[in-house]
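Data first, discussion second: the structure below is written as C-alpha cells.
All residue numbers in this chain count up from 1 along the given sequence. Counting convention: from 1, in listed order, for ligands and their atoms alike.
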Amino acid sequence: MEKKDVIIVTDPGVDDAMAIMYAIFCEQLNIKLLTIAGGNGPISNAVNNALYLMELFKKDIPVAVGLDHPLNRPPVYATKAQGKGGLGGVKVNPKRLSKKPIEKSACDAMYEILKNSKKKIPIISIAPMTPIAEMLMKYPDSKNYISEIDFMGGTKEKIVGKPYREFNISFDPESVEIVLKSGIPMVMIPMELGHFAYLDKNDIKRFKKTNKIGRIYAKMFKKYKDFHVGHLGAAVHDVCTIYFLTNPHCIKTENGFIELKYYQEENDNYGYIDTSYDKKPNCSVAVDMDISDFKYDLFLTLEKTNEIL
Ligand code: RIB
Ligand code: CA
C-alpha cells in the first residue's frame, strides 16, 4: 500500500515519543519532517529528544527546529507532567547524540516540503501550533498545500464549571487563532480520547515484556505524570491523533464548529477551544474510539520495532 506523506509537529514529550514510534512503524505513513515546537519542555529538550528517538529507531527523518516560545506570550512548559528532560524516566545526554537538526527553520522546511509535494499533504499537530502559525504568517500561500490539520488539542471537559484548559491550546492560543482563521480543514482529537485509551499497569508491564524498545518506553512512563482516570494509567493523547490517520474507521467523529476563546478571571486567563454543534461546521471532532482495536494495533506496532533491534 502506498504510504501517505505527512509532516508531524511535535514537542517530545512521552506521549509524543509513543506517537512517533507508532507513526514510524505502522507502515502507512511516510514522515517527511519532524517539526519541533516548545511545549512539554524548552525547545532544546524537545529537539534532543527527537534526535534521540531518530537514533534509537535508526531513522533519518529530518528534524527541524521551531520557535522556542509562543507567538506573543511567555512560555509555560509542561515539565511537571513530562519530567525534567521531557521523556519521563529516560534521560537524554545531548553530548552523546550524533544526529543534528537540519539548518533550515521549521517554518521554512515545512513550506519547502509542502510547496514541492505533488499533492496536498496533512499536517499532524501533537504539540502547540506555533510552527504552523509562523509558517502561515510568513508564507500565506502555504495553506493551499495542506490537505488537513489533524491536531491533538482541546477538550469539552470542565473543571469546577470553567472550561478545562488543554495544554496544546493554552500554551499558544494566538497561534491556534491564526490556524483556525486559515480555513484549512481541521480534525480535532481532544483530550478525552487520550484518557479513554489510557495504558494501565498491565499494558505497561506488557511494554516491558515485549522488547528493548518496550522497556525504554516503560522507563519513560515511570516519571510520566500525565496519569489520568484516577491514576489508573498513562494518557496517550498524541498516539490517538496518529491512530486517526491510520485507522479512521476506528474513531467516531462528529462535525462541529470550533473557535478559540479566552477564559478570563482576576487570576486566570487562558485560551481554550469552544466546540458547538449548532453552527456551520468547520471541524471534524473525534468523540469516541475502539480502545481494544487501538491497543491491539499499538502492541502490534511495538513488536514491529524488533526489525531495528
Ligand atoms: O494535553 C495533552 C498534550 O499536551 C499532548 O500533546 C502532550 O504531549 C502535551 O503536549
Ligand atoms: Ca505533545
- Task: For the Ca ion (ligand 2), report each protein N, O or S atom nearer than 3.0 Å, sorted by chain and then by residue number.
- Result: D11 OD1, D16 OD1, D16 OD2, I126 O, D238 OD2
- For M152, counting its heavy atoms only, list the atoms of ligand 1 lying under 4.0 Å from any of them. 2 (C), 3 (C), 5 (C), 6 (O)
- State the atoms of ligand 1, each with its element, that fall below the 4.0 Å cut-off from a heavy-atom position in D11. 10 (O)
- Is it true that the side chains of Y111 and D141 contain a donor and an acceptor less than 3.5 Å apart? yes
- Item | For H237, the ligand 1 atoms whose distance to one of its heavy atoms is below 4.0 Å | 2 (C)
- Item | Residues clustered with F171, ILVMFWY side-chain links under 4.5 angstrom | Y77, F167
- Sort and list the pairs that fulfil ring-ring contact (aromatic ring centres under 6.0 Å, His included) and have at least one residue in residues 279-309, not counting sequence neighbours. F207-F299, Y243-F294
- Presence of salt bridge, E259 and K279, under 4.0 angstrom: yes
- Query: Cut-off 3.5 Å, side chains only: do D297 and Y22 have a donor facing an acceptor?
  - Reply: yes
- Message: Between the side chains of K119 and D5, is the shortest nitrogen-to-carboxylate-oxygen separation below 4.0 Å, so that they form an ion pair?
- Response: no
- So the atoms of ligand 1 within less than 4.0 Å of a heavy atom of D16 turn out to be 8 (O)
- What pairs of residues pass the salt bridge (Lys or Arg N to Asp or Glu O under 4.0 Å) test when at least one of them lies in residues 173-189, not counting sequence neighbours? R73-E174
- Message: Using modelled atom types and a 3.5 Å cut-off, is there a donor and acceptor pairing between side-chain atoms of N48 and backbone atoms of N93?
- Response: no
- Query: Against heavy atoms of F167, which atoms of ligand 1 measure under 4.0 Å?
  - Reply: 1 (O), 4 (O), 9 (C), 10 (O)
- Query: Does one side chain, of Y263 or E265, offer a donor that lies under 3.5 Å from an acceptor on the other?
  - Reply: yes
- Task: Give yes if a backbone or side-chain nitrogen or oxygen of E166 is under 3.5 Å from a nitrogen or oxygen of ligand 1, and no if not.
- Result: yes
- Task: Examine I126 against ligand 1 and note whether any of their N/O atoms are separated by less than 3.5 Å.
- Result: yes
- Output the list of atoms in ligand 1 that are nearer than 4.0 Å to some heavy atom of D238, sorted by atom number. 5 (C), 6 (O), 7 (C), 8 (O)
- Under 4.0 Å between heavy atoms, the region of V14 that gets near ligand 1 turns out to be neither
- Message: Main chain of A37, side chain of D11: is a donor-acceptor contact present, judged purely on distance under 3.5 Å?
- Response: no
